[in-house]
Colleague: 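Take a look at this one; I'll ask things after.
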Amino acid sequence: MPDGAEPKPTAPTLSSTAGRPTTALLDRVRVPADLRNFSVEQLKQLADELRAETVDVVSTTGGHLGASLGVVELTVAIHAIFDTPDDRLIWDVGHQAYPHKILTGRRDRIRTLRQPGGLSGFTRRSESEYDPFGAAHSSTSISAGLGMAVARDLQQRDNHVVAVIGDGAMSAGMAYEAMNNAGALHSRLIVILNDNDMSIAPPVGAMSAYLSRLMSSRSFLSLRDLAARMAKHFPRGIERTARRAEEYARGILTGGTLFEELGFYYVGPIDGHNLDHLLPVLRNVREAEESGPILVHVITQKGHGYAPAEASADKYHGVSKFNVVTGEQVKAPPGPPSYTAVFADALIAEAEADSAIVAVTAAMPTGTGLDKFAKKFPERSFDVGIAEQHAVTFAAGMATEGMKPFCAIYSTFLQRGYDQLVHDVVLQSLPVRFALDRAGMVGANGATHAGSFDLAYLGCLPGIVVMAPSDEAELMHMVATAAAIDDRPSAVRYPRGEGTGIIRPKRGEILQIGKGRILREGGSVAILALGPRVIDALKAAEELAAHGLPATVVDARFAKPIDTALIEQLARHHEVLITIEDGATGGFSALVMHHLAHAGLLDHGLKIRPMVFPDRFIDHNTPAAQSAEAGLTAKDIVATALKALGQSGRDLGSVRA
């Protein structure tokens with residue numbers, strides 16, 4: 001082979017010995033700077049190897065595969081053209097960033113992805129200097145990027161800021177608020193729209209790629225600037241007409257009129273899997289002297305390059321461990337249905353009996369179970385996109401007209417719609433029903449997705465009803481109860497994962513608002529548990545009984561309104577009252593203690609011990625390990641009770657977690 005000649009690129013294949021893809025070029029990359037001397041052909045081979053590596057990694061860890069496969073070429077191109085980490089690169093949503101992590105010095109740890117003590121499944125500032133902004137929720141990149149760009153300008157630096165926004169993130173209003181502000185501030189900001197679902201522009205092709213290269217080139221931008229300066233010498237009407245003519249001509253060709261109106265210089269659409277198109281456009285954008293914000297519209301395919309993902313309806317958005325060759329995902333042994341599935345069944349049962357029931361979700365129909373509802377009642381199911389604020393007020397609007405909306409949103413995502421929850425729903429006492437999936441710890445997605453705060457942020461709102469089921473049958477009863485509440489808002493919060501396996505009714509029964517139930521009578525210790533912690537409380541009571549300390553166990557059922565009569569009874573007849581919940585401080589236990597304090601029941605020696613999440617974020621792990629770290633297992637309840645009674649020296653070795 002002649003000196004300086006490069007070997008012909010070959011697609012990566014699975015090693016016959018190790019079962020891993022062969023990655024000759026990827027093995028040479030330690031940091032993104034290593035890409036900047038590669039030829040285009042080498043970068044193409046690198047992209048192939050990076051895709052194979054990503055598939056292999058996620059096959060062993062599980063995670064968000066489809067979105068990451070869709071940005072492989074884009075990731076390679078950005079890191080080859082821009083000087084990261086000095087040039088800031090923000091991924092939105094952060095679950096697109098697995099290839100980015102592999103290229104930015106984390107390949108040796110990539111198989112710890114989402115594992116205990118390992119890499120996060122999202123971008124994280126504390127993890128790498130190549131992650132300038134953490135992003136596990138969506139639609140934040142343009143706001144954060146604009147902040148970085150303005151800070152750069154104030155500090156008189158000259159680095160680039162690149163925000164990659166995609167996988168549905170452009171459906172949220174926050175992105176457009178940021179674009180509007182960016183257009184007004186006119187700071188230098190590069191936004192790459194990763195359009196991987198439904199194109200908002202004409203089909204991508206050679207002409208589009210040519211126009212994108214032309215319009216992003218320095219010569220075109222200079223010509224455009226010259227034309228703009230010349231037009232200023234025309235009478236005002238002609239100047240305005242000339243400017244509009246140029247903008248709309250480009251808009252007709254490319255579909256970019258909306259972004260131009262927001263103040264962005266639009267380039268695209270271009271094929272996000274073709275490095276021959278991506279590299280020159282990104283290079284032109286990097287070198288352009290245009291001072292304002294630029295939007296590069298890139299069309300990609302979610303799951304691209306991996307046949308099982310391309311063929312899947314959800315493009316392997318989130319997967320468990322799987323077989324690389326067949327794409328078959330590892331299935332857990334048959335067990336009880338998930339709380340999500342039970343909620344879907346319960347809502348369908350209510351909707352069959354009441355035509356006023358409608359369902360709303362914010363881009364999570366599968367995650368919330370509403371895909372099943374939509375198959376049964378397509379005209380009564382609404383997916384509004386990643387727009388929780390809109391979802392809440394949209395549901396409120398329907399409630400004013402006599403409909404019965406169930407707004408199904410993950411607990412952590414409803415935080416984004418809190419202002420609307422307060423002002424548009426609670427303040428007007430509108431009967432919107434909130435189904436809060438993923439309440440409590442969520443496992444591998446970690447702190448960003450944990451439903452830690454809903455008990456606190458809902459419990460402080462006047463008039464709202466907040467319920468938490470201890471098993472699947474209780475969830476069905478609470479869905480039926482929410483459907484029957486027609487004079488105020490309500491919420492049912494339930495965990496991720498399987499239920500207990502209890503026999504379920506065909507349809508839930510309506511519960512008496514604000515009333516708990518005694519499950520076990522005891523002596524000096526009372527355990528007042530909310531939601532799934534009831535199961536741990538019953539286990540703890542068995543252990544305490546074995547220690548000669550039979551305990552009372554109460555299923556609170558309602559976090560608000562609390563069962564004041566039952567709580568007062570527990571306080572008067574027990575030496576120790578333990579409250580336990582899946583949430584941060586300031587939630588259910590705070591409401592209980594406030595009532596006991598106002599009732600004077602803390603004045604005469606009652607020992608109350610609230611058990612809540614610790615005052616810190618708990619990292620990704622198994623749900624069981626997270627519960628243990630939070631100190632909310634049956635063993636922890638027993639230890640809390642014995643310590644309160646002054647008997648903490650007892651042997652706890654046999655206590656089950």
Side-chain angles (χ1 to χ4, degrees), residues 1-60 65-84 89 91 96-108 110-111 113 130 162 164 192 194 196 204 206 209 213 270-283 286 298-310 316 324-325 327:
M1 182 179 297
D3 291 343
E6 294 290 344
K8 184 179 180 180
T10 57
T13 58
L14 289 177
S15 166
S16 59
T17 54
R20 295 273 178 86
T22 55
T23 52
L25 276 180
L26 185 58
D27 292 344
R28 292 166 53 183
V29 177
R30 295 292 178 268
V31 291
D34 296 331
L35 277 65
R36 291 163 200 158
N37 291 322
F38 282 12
S39 68
V40 174
E41 290 305 311
Q42 287 177 309
L43 291 175
K44 290 177 182 178
Q45 178 180 336
L46 178 68
D48 289 337
E49 295 179 5
L50 182 58
R51 176 170 282 106
E53 179 80 346
T54 301
V55 170
D56 189 64
V57 166
V58 182
S59 74
T60 64
L65 180 61
S68 288
L69 294 182
V71 298
V72 167
E73 287 82 7
L74 182 59
T75 304
V76 169
I78 291 172
H79 281 302
I81 295 298
F82 290 94
D83 187 21
T84 55
L89 173 59
W91 290 97
Q96 300 174 95
Y98 295 0
H100 161 79
K101 292 195 176 205
I102 293 171
L103 293 180
T104 53
R106 286 169 277 186
R107 188 186 179 197
D108 60 338
I110 196 63
R111 284 172 176 78
L113 189 72
Y130 291 91
V162 181
V164 181
I192 298 176
N194 172 28
N196 69 356
V204 178
R213 287 197 300 273
I270 57 176
D271 184 349
H273 300 299
N274 190 329
L275 285 169
D276 290 324
H277 294 176
L278 280 173
L279 292 167
V281 168
L282 293 182
R283 188 175 294 109
R286 182 196 67 190
V298 174
I299 306 295
T300 64
Q301 178 190 22
K302 197 167 180 175
H304 182 77
Y306 183 54
E310 292 179 353
Y316 276 35
V324 173
V325 177

Colleague: Within the 4.5 Å heavy-atom criterion, are V298 and N196 side-chain neighbours or not?
Modeller: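 No, too far: nothing below the 4.5 Å cut-off.
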
Colleague: Only counting residues at least two apart or in another chain, list the ones meeting side-chain hydrogen bond (donor to acceptor under 3.5 Å, both in side chains) with R107.
Modeller: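 With sequence neighbours excluded, R107 shows a side-chain hydrogen bond (donor to acceptor under 3.5 Å, both in side chains) to T23, D27, E53, given in chain and number order.
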
Colleague: Tell me every residue that passes side-chain hydrogen bond (donor to acceptor under 3.5 Å, both in side chains) with N37, counting only those two or more places apart in sequence or in another chain.
Modeller: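 Testing N37 for side-chain hydrogen bond (donor to acceptor under 3.5 Å, both in side chains), a comparison that skips the adjacent residues, returns none.
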
Colleague: Which residues satisfy the side-chain contact (heavy atoms from CB on, under 4.5 Å) test with A97, sequence neighbours excluded?
Modeller: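 Scan of A97 (side-chain contact (heavy atoms from CB on, under 4.5 Å), adjacent residues dropped) gives W91, H100, T123.
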
Colleague: Tell me every residue that passes side-chain contact (heavy atoms from CB on, under 4.5 Å) with R36, counting only those two or more places apart in sequence or in another chain.
Modeller: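 Once residues adjacent in sequence are excluded, the partners of R36 under the side-chain contact (heavy atoms from CB on, under 4.5 Å) criterion are P32, A33, D83, T84.
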
Colleague: Would you check if the side chain of Q96 reaches a backbone N or O of V71 as a donor-acceptor pair within less than 3.5 Å?
Modeller: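 No.
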
Colleague: Mind checking side-chain contact (heavy atoms from CB on, under 4.5 Å) for A309 and listing every partner two or more places apart, or none if nothing turns up?
Modeller: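 Here the qualifying residues are L69, Y306, Y316.
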
Colleague: Looking only at the side chains, is there a donor atom on one of Q45 and E41 sitting less than 3.5 Å from an acceptor on the other?
Modeller: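 No, no side-chain donor-acceptor contact under 3.5 Å.
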
Colleague: Once salt bridge (Lys or Arg N to Asp or Glu O under 4.0 Å) is applied, do any residues pair with D108, and if so which ones, sequence neighbours excluded?
Modeller: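 With neighbours one apart ignored, the set is empty.
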
Colleague: Can you name the side-chain hydrogen bond (donor to acceptor under 3.5 Å, both in side chains) partners of K302, sequence neighbours left out?
Modeller: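 side-chain hydrogen bond (donor to acceptor under 3.5 Å, both in side chains) list for K302, sorted by chain: D167, H317.
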
Colleague: Going by the rule salt bridge (Lys or Arg N to Asp or Glu O under 4.0 Å), which residues pair with R283 if we only count those two or more places apart in sequence or in a different chain?
Modeller: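 Testing R283 for salt bridge (Lys or Arg N to Asp or Glu O under 4.0 Å), a comparison that skips the adjacent residues, returns none.
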
Colleague: Heavy-atom distance under 4.5 Å between the side chains of F38 and V29, does that happen here?
Modeller: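 The answer is yes; the side chains approach within 4.5 Å.
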
